[in-house]
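Read the structure below first, then the notes.
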Amino acid sequence: MEKKIITAGLILSCIYPAAAFKDSDLDGVDDKYDKCPNTPFNQLVGPDGCPLGKARQERISKPKGTFYLKIGGGYSKEGSASSISSSLSIAYARKGFYLSWTSYYYFQNDYVNDSGLGNSFLYGSYAKFFGKTYTIFGLNIKVPTGNGKLTDNKFDFTPSITLDYIRGKDDYFIYYGYTIKGDSNKKNVNTISMGAGYQISKKFYNSLSLDMGSSAITGKMRYYLGYFCLYRFNKKYYATFSYSYGISNAATDHSFFGKLGVRY
């Protein structure tokens with residue numbers, strides 16, 4: 001059962017944050033059109049993402065970067081077994097670079113019959129536009145901080161790439177990640193996600209995707225249907241929600257995860 005937790009964790013932790021809509025400074029303007037990134041959250045901006053009356057001017061008070069703090073909770077179920085977890089993330093973004101640390105705590109985990117501190121993930125990426133395609137080069141590192149059966153005490157490394165073609169309010173994305181397992185008894189894992197998203201309003205974005213991940217034990221692919229949404233309450237606070245439905249026998253039946261974030 002442990003192998004299914006790892007696959008589902010990768011899908012929820014890597015695919016959804018990386019793909020689809022991108023508004024790094026949460027001012028309601030897509031990064032593609034934002035000519036003034038890292039706008040302070042209390043600053044009114046125009047359609048180009050720049051402060052009203054100061055378009056395209058370099059500001060002395062411009063922040064050096066953006067910090068994020070996110071707390072979340074998740075639930076997954078497969079047959080009669082289930083798992084309940086929480087997460088805490090801190091992140092920093094500046095000029096296309098993004099770095100985050102996420103730790104998990106399991107209140108209940110029937111898959112391995114244990115509870116307590118889970119593994120942590122260090123994620124770094126660099127994003128850049130090539131025409132209308134937003135490209136993200138990422139590296140996710142699993143750090144074995146878990147207790148007991150919640151960890152294999154090995155580091156895993158997942159380089160990845162995301163291509164997100166943005167066309168107005170809708171976008172089309174594909175993600176590929178390759179996990180190099182630290183445990184020599186397990187197979188390396190391929191993870192793929194492809195889908196489309198739509199920005200319903202300046203505050204609300206959602207996407208649908210087909211997600212695939214190979215088993216670290218058998219190497220066989222598992223298939224999921226995924227839903228992701230982001231809601232921005234204001235320039236400082238936002239929330240995300242994701243749901244994954246297993247459509248193959250080996251896939252986890254249902255996985256939910258929600259996060260509340262603050263930008264400063």
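Residues meeting the side-chain hydrogen bond (donor to acceptor under 3.5 Å, both in side chains) test with S82, sequence neighbours left out: Q108, D110.
Taking 4.0 Å as the cut-off between side-chain N and carboxylate O, D152 and K181 do not count as a salt-bridged pair.
Under the 3.5 Å distance criterion, with hydrogens and angles disregarded, no donor-acceptor pair is assigned to the side chains of S115 and N109. Between S76 and S255, the side chains place no donor N or O within less than 3.5 Å of an acceptor N or O (distance only, hydrogens not considered). Side-chain N/O atoms of S209 and Y175 include no donor and acceptor closer than 3.5 Å.
With a 6.0 Å radius and a threshold of 12 heavy atoms from other residues, nucleotides or ligands, D183 has its CG atom above the threshold. Residue-environment remark: OH (Y105) exceeds the threshold of 12 foreign heavy atoms within 6.0 Å. For NZ of K187, the number of neighbouring non-hydrogen atoms (other residues, nucleotides, ligands) closer than 6.0 Å is 12 at most.
Ring-plane geometry between Y227 and F241 is classed as tilted, the angle between the planes lying from 30 to 60 degrees on a 0 to 90 degree scale.
In this structure, the side chains of T252 and Y224 come closer than 4.5 Å at one or more pairs of heavy atoms. Residues D164 and I136 form no side-chain contact, since every pair of their non-hydrogen atoms from C-beta on lies 4.5 Å or further apart. Side-chain contact between Y68 and S89 is absent, with no heavy-atom pair separated by less than 4.5 Å. Side-chain contact between V262 and K236: present, with at least one pair of heavy atoms (C-beta onward) separated by less than 4.5 Å. For the pair L99 and L122, the minimum side-chain heavy-atom distance is below 4.5 Å.
Each of T102, T151, N147 was compared with N119 under the side chain to side chain donor-acceptor pair (under 3.5 Å) criterion, and only T151 meets it. Residue T158 forms a side chain to side chain contact (heavy atoms under 4.5 Å, CB included) with just one option from T191, I141, T179, and that option is T179.
Residues F233 and K203 approach most closely at O-NZ, 3.5 Å, considering heavy atoms.
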